[in-house]
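Below: the structure, in structure tokens.
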Protein chains: 2
Amino acid sequence: MKKAKRERLEACGWKVGTVAEFLNLTPEESALIEIKMALSRRLRERREKRMTQAQLAEKIQSSQSRVAKAETGHSSVSLELLVRAMLATGASPKEIGQAIAGNQK
Amino acid sequence: MKKAKRERLEACGWKVGTVAEFLNLTPEESALIEIKMALSRRLRERREKRMTQAQLAEKIQSSQSRVAKAETGHSSVSLELLVRAMLATGASPKEIGQAIAGNQK
DNA sequence: CAAGTATATGTCAGATATGACATGCGAACA
DNA sequence: TGTTCGCATGTCATATCTGACATATACTTG
């Protein structure tokens, strides 16, 4: 958030912080969630170029609804399913690693 | 496997191949297993430098036996637990990404 | 030798993630 | 307008993963 915006909000009495702070997440918990969200986004990008959710679901022997949840970052979706889906789009371990690494950190 | 060794074994009547071939794993299944094994190895390396299994277990609110299984690549351990453990050793998403990427692929 | 420490392995009840299915919504188009 | 297509969301029985615990092995140290 820009400093100016933060100051404007704080002047109005708002507490300003990250979602992680609001939810009292530890850095490790935040990092895990960011990893999953990064994979969700990349999965959608890759999948959209190649096939429908139903087609991807068939490849990983899952269902369209589960792929939709994977792409929307639903909490019921495991890291494992995200990675299996990425692999099924043709992603290499290297590409998956890059998605997880994100913009360093 | 070296070509010479393969030929020696085949001369004796052995069928020679990778574990993946033996188990009829698809490339995607193999890749997922390799990712997990790479994380197991890295986890052990990092953890040994810093703490005991019991100490790591406490950090991730798990148990020593589960950490042991994570490090030995037991099939009952999820990708998620492996990543949580890596984070608890202080690994960054970048380091985790590198572990997963392995030697390209 | 016994006692302590670190790790490995098996079991199990309970928690969580799963695929399947139903259904909702919007866009394209006939 | 109705129909089809792609995606989102909710529910549910079941499969998988979980932490906890008991116990084993292997070292080290007194």
Side-chain angles (χ1 to χ4, degrees), chain A residues 23-26 28-91 96 99-100, chain B residues 23 25-26 28-91 96 100:
Chain A
L23 294 175
N24 293 316
L25 299 181
T26 65
E28 289 78 25
E29 289 167 336
S30 301
L32 181 58
I33 290 175
E34 279 178 25
I35 285 172
K36 288 175 125 187
M37 288 183 35
L39 284 171
S40 284
R41 283 191 294 271
R42 290 283 205 118
L43 173 61
R44 164 151 285 164
E45 286 169 19
R46 292 185 57 88
R47 196 268 313 162
E48 279 182 338
K49 287 181 193 162
R50 295 156 229 258
M51 60 193 114
T52 66
Q53 291 182 342
Q55 287 168 334
L56 175 58
E58 201 184 357
K59 275 180 185 271
I60 58 176
Q61 303 184 108
S62 182
S63 58
Q64 177 268 324
S65 65
R66 207 118 265 281
V67 173
K69 281 163 187 154
E71 291 185 358
T72 53
H74 195 283
S75 68
S76 80
V77 174
S78 69
L79 244 190
E80 185 130 350
L81 188 64
L82 285 166
V83 169
R84 281 204 290 130
M86 282 289 282
L87 290 169
T89 66
I96 294 171
I100 288 175
Chain B
L23 294 174
L25 299 180
T26 64
E28 289 79 24
E29 288 167 337
S30 302
L32 181 56
I33 290 175
E34 279 178 24
I35 285 172
K36 288 175 125 186
M37 289 182 35
L39 284 172
S40 284
R41 282 191 296 271
R42 290 283 206 119
L43 173 60
R44 164 152 285 163
E45 285 169 19
R46 292 186 57 88
R47 195 269 311 161
E48 280 182 338
K49 286 181 194 163
R50 292 154 230 258
M51 60 193 112
T52 67
Q53 291 182 343
Q55 288 168 334
L56 176 57
E58 201 183 358
K59 274 180 186 271
I60 57 176
Q61 302 184 108
S62 182
S63 58
Q64 177 268 326
S65 64
R66 205 118 267 283
V67 173
K69 281 163 189 156
E71 290 185 358
T72 53
H74 195 283
S75 69
S76 80
V77 174
S78 69
L79 243 190
E80 186 130 350
L81 187 63
L82 285 167
V83 169
R84 280 205 290 128
M86 282 289 282
L87 291 169
T89 66
I96 294 171
I100 288 175

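Residue numbering restarts at 1 for every chain, and letters A, B, ... go by the order of the sequence lines. Note that these values count all heavy atoms, side chains included, but never hydrogens, waters or copies made by symmetry.
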>> Would you say that more than 12 heavy atoms from the other residues, nucleotides or ligands in this model lie under 6.0 Å from the CD of B:Q64, or not?
In response: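 Yes.
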Among [options], which nucleotide has an atom closest to any side-chain atom of [X]?
{"X": "A:E71", "options": "D:dT18, C:dT11, D:dA8", "value": "D:dA8"}
{"X": "B:S65", "options": "C:dA8, D:dA20, C:dT18", "value": "D:dA20"}
{"X": "A:Q64", "options": "C:dT7, C:dG19, D:dT9", "value": "D:dT9"}
{"X": "B:R66", "options": "D:dA8, C:dG19, D:dT18", "value": "D:dT18"}
{"X": "B:A68", "options": "D:dG19, C:dA8, D:dT9", "value": "C:dA8"}

>> Base, sugar-phosphate or nothing for B:V67? Non-hydrogen atoms, less than 4.0 Å.
In response: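 No contact.
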> Which part of the nucleic acid does A:S63 contact within heavy-atom distance under 4.0 Å: base, sugar-phosphate only, or nothing?
Replying inline: base
Can you see if the side chain of [X] gets near the phosphate of [N] - specifically, an N or O under 4.0 Å from OP1 or OP2?
{"X": "A:Q53", "N": "D:dA8", "answer": "yes"}
{"X": "B:S76", "N": "D:dC17", "answer": "no"}
{"X": "A:R84", "N": "C:dG19", "answer": "yes"}
{"X": "B:R44", "N": "C:dA8", "answer": "yes"}
{"X": "A:R47", "N": "D:dC7", "answer": "yes"}

> Closest heavy-atom contact between A:S40 and A:A70?
Replying inline: OG-O, 2.7 Å
> Taking all non-hydrogen atoms of both residues, which atom of B:T89 and which atom of B:R50 are closest, and how far apart?
Replying inline: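 Residues B:T89 and B:R50, closest heavy atoms: O-CD, 3.4 Å.
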How many Å lie between [atom1] on [X] and [atom2] on [N], as a whole number?
{"X": "A:H74", "N": "C:dT18", "atom1": "NE2", "atom2": "P", "result": "11 Å"}
{"X": "B:K36", "N": "D:dT16", "atom1": "NZ", "atom2": "P", "result": "12 Å"}
{"X": "B:L56", "N": "C:dT5", "atom1": "CG", "atom2": "C1'", "result": "17 Å"}
{"X": "A:E48", "N": "D:dG6", "atom1": "CD", "atom2": "P", "result": "13 Å"}
{"X": "A:Q61", "N": "D:dT16", "atom1": "CD", "atom2": "P", "result": "12 Å"}
{"X": "A:L81", "N": "C:dT18", "atom1": "CG", "atom2": "P", "result": "5 Å"}
{"X": "A:K69", "N": "D:dG6", "atom1": "NZ", "atom2": "C1'", "result": "16 Å"}
{"X": "A:E58", "N": "C:dC21", "atom1": "CD", "atom2": "C1'", "result": "17 Å"}

Enter the distance from [X]:[atom1] to [Y]:[atom2] here, rounded to the nearest 0.5 Å.
{"X": "B:E48", "Y": "B:Q53", "atom1": "CD", "atom2": "CD", "result": "8.5 Å"}
{"X": "B:L82", "Y": "A:E80", "atom1": "CG", "atom2": "CD", "result": "9.0 Å"}
{"X": "B:E71", "Y": "B:R44", "atom1": "CD", "atom2": "CZ", "result": "4.5 Å"}

>> Assuming nearest nucleotide by heavy-atom distance, tell me which of B:E80 and B:T72 is located more 5' along DNA chain C.
In response: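 Counting from the 5' end, the first nearest nucleotide belongs to B:T72.
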